[in-house]
Amino acid sequence: MSGLAWLVEPFAHGFMVRATLAIFIVGIVCGVIGVFVTLRGLAFMGDALAHAIFPGVVIAFVLGGNYLVGALVAATLVSLGIGVIGQTGRLSNDTAIGVLFAGAFALGVAIISTQETFARDVTGFLFGSILGVGRDDLLLSAAIGLGVLLLMLLFRRELTTVAFDRTFAASVGMNLWAWDQLFLLLLSLSIVVSLQTVGNILVLAMLVTPAATARLLSDRLPVALGLAALIGALSGVAGLYLSYYAAFASGSSVVLVATAIFVLALLFSPKAGLVTTRVARWLHHGHPERDRFPDRSDEIADYASTPAASPRLDGGMETG
Amino acid sequence: MAFLAPSTASASLPSALSGAASERLPKTRLEACRLGIHFGDRSALEAVDLVFSGGEAVSILGPNGAGKSTLLKALSGMLLPTHGEIRLDGQPVRGCDRRVVYVPQRSAVDWTFPISVLDVALMGITGHRSRLRPFSATERGTARDALAAVGMDHLARVQIGQLSGGQQQRVFLARALLQEGGIYLLDEPFTGVDVPTQGLLVELFDRLKRRGRIIVYATHDLALAATSSDRVVLLNRRLVADGTPAAVLTPDHLRRAFGGQAVVPFSGMTA
């Protein structure tokens, strides 16, 4: 088979075209919001929301309602609940998240175990069923994904300020609670979009891994956001090929590709890679004396000529 | 420093109402009325009455636990009073107000955050921009002027975590200047900074004062409070003394605020 035919063959199937588009959307949306998730140390929160959404989806399924609405209601209740538990002042956020996400997930399992299609439904939820993505699912994912990206674009400065310096954000009158809730809503939406493609266990990887890789490759937030989207989308599409030709489960193939890219960046990132920085240090060993006695004469000259320093020095000499 | 000149500031920051207002009304007033702050059953401040007005630099002195930080947080609106109220230009305020700029002692930020010095400074320019448009050349120029005013312009593109502690403090000061508030509340700005930075701070306070701003800062340094503020407030959970440095920094007042230990070395200086 020629290279081109190898690349094109999967798309002879309609379900593969839809799957590719779906994972492309998930890769971009999760990559972008994932940068903020990792910067704010909210990986556990993301995992919790993914699990907490379960009872919402199940109840919507049993009642015959829209699973999206159920998922959002459940995610909102859990994020509010975490805030309420935090108010006792005795339990950390981590603890509150742990209690609520396990409880919510158990509720979902309990309800769905009364249904006849129990095993199939749970498997689909846990690991996704990307090959079953329909036209309507795809359109809904695209609409939600675009909405999330647009809101993040509009509120990028506020989201950055709240993530970087909460004290400052509060001091300029920003309502931290409201901005946190907006962020959690965007995060919940991103997770909901991803459920069908990668499932609720592996969505965490889509949120954290491309963002972590991007952070290893850049010190600038806009660049990191772009890279995370790119890496997320790339992992998604490459993972689908892996799934198609190696017959691996699709969700796990995507995550394996994302993890492999992360390991490459961890070792070989130009400025932060474990191997690259060591090689750079090793090459530097040709000039050991430069390392041991860095030339600081410029700095010292700067210090002496700083206007604020001079009067003090002069004054000291006069009185002495 | 273009951004410190009234005309340029109001031109490049049209909606910075605080800046424009304090130009027209040099008598910005910030008041604490019977201010009391309690944490649970522990009282941190009790019945504090203070009035600050435009054009003065006031230092807050007191031992550890005297409530200096608490007072600044309450004045900034970060802490809501348990008793009494805060008034701004005669109007009671609850919560944070854009006219009041608060600079904490040590910013509790994530130093690994992928953000440059210039981007941190630009955070000080708030409101008034279109949501989609990036910062304009004028806004970036204003931010660079503010960085230049604190001697950090040459490091504008560096990631914030690469700076030393004193340099980071200067960047947060530049951001505070860009907020164009009428009132600056600084928690221990002189702590842990080198002599050139101290000189720079004193110089900046002077300029802000000349533009009718109020500067209130907490400090441990009695000598600095005596030389670089117009007024000293001595605090130990209650107001001990309030007035000119010469009137406040007396052995008797200091003994009442600090207990015995701090008085001996300092009484020689005041005599």
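Only a predicted model underlies this, so the values are computations on that prediction, with no experimental measurement involved. Labels below follow one simple rule: chain letters A, B, ... track the order of the sequence lines, proteins then strands, and each chain is numbered from 1. These numbers come from the heavy atoms of this one structure, side chains and all, not from hydrogens, waters or symmetry mates.
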Given that the side chain runs from C-beta out, which part of A:Arg166 has a heavy atom under 4.5 Å from chain B: side chain, backbone, both or neither?
->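 No part of it gets close to chain B.
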Structural part of A:Ala169 lying under 4.5 Å from a heavy atom of chain B | neither
Hey, is CZ on A:Phe24 packed in by over 12 heavy atoms from elsewhere, all under 6.0 Å?
->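 Counting other residues, nucleotides and ligands, CZ of A:Phe24 stays at 12 neighbours or fewer.
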With a cut-off of 6.0 Å (strictly less than), are more than 12 heavy atoms of other residues, nucleotides or ligands near CZ of B:Arg140?
-> no
Determine whether A:Arg40 and B:Asp110 make a side-chain contact, defined as any pair of heavy atoms from C-beta on separated by less than 4.5 Å.
->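 The answer is no; the side chains never approach within 4.5 Å.
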Under a 4.5 Å cut-off applied to non-hydrogen side-chain atoms, are A:Asp165 and B:Phe172 in contact?
->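 Side chain of A:Asp165 against side chain of B:Phe172, heavy atoms only: contact under 4.5 Å found.
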[atom1] of [X] to [atom2] of [Y]: how many Å apart, nearest 0.5 Å?
X	Y	atom1	atom2	value
A:Ser218	B:Gln159	OG	CD	10.0 Å
A:Thr161	B:Ile115	OG1	CD1	7.0 Å
B:Leu185	A:Ser171	CG	OG	10.0 Å

Among A:Ala163, A:Gly173, A:Gly41, which has the most heavy-atom pairs under 4.5 Å with chain B?
->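 Highest number of heavy-atom pairs under 4.5 Å: A:Ala163.
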Please list, chain by chain and in numerical order, all residues satisfying ring pair (Phe, Tyr, Trp, His ring centres under 6.0 Å) with B:Phe113, sequence neighbours excluded.
-> A:Phe164
Among [range], which residues come closer than 4.5 Å to chain B, judged by heavy atom distances?
range	value
residues 219-227 of chain A	A:Asp219, A:Arg220, A:Leu221
residues 266-279 of chain A	none
residues 179-186 of chain A	none

Proximity breakdown for B:Met78 and chain A, heavy-atom pairs closer than 4.5 Å = side chain
Given a strict heavy-atom distance threshold of 4.5 Å, which part of B:Val120 is in contact with chain A: side chain, backbone, both, or neither?
->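 Contact with chain A: side chain only.
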Of the listed B:Ser76, B:Cys96, B:Gly95, the one with the largest count of heavy-atom pairs under 4.5 Å with chain A is B:Cys96
So which of B:Ile160, B:Thr112, B:Val103, B:Asp119 has the biggest tally of heavy-atom pairs under 4.5 Å with chain A?
-> B:Thr112
Return the minimal non-hydrogen interatomic distance between B:Arg133 and A:Arg157, and the atom names on each side.
-> O-NH2, 2.9 Å
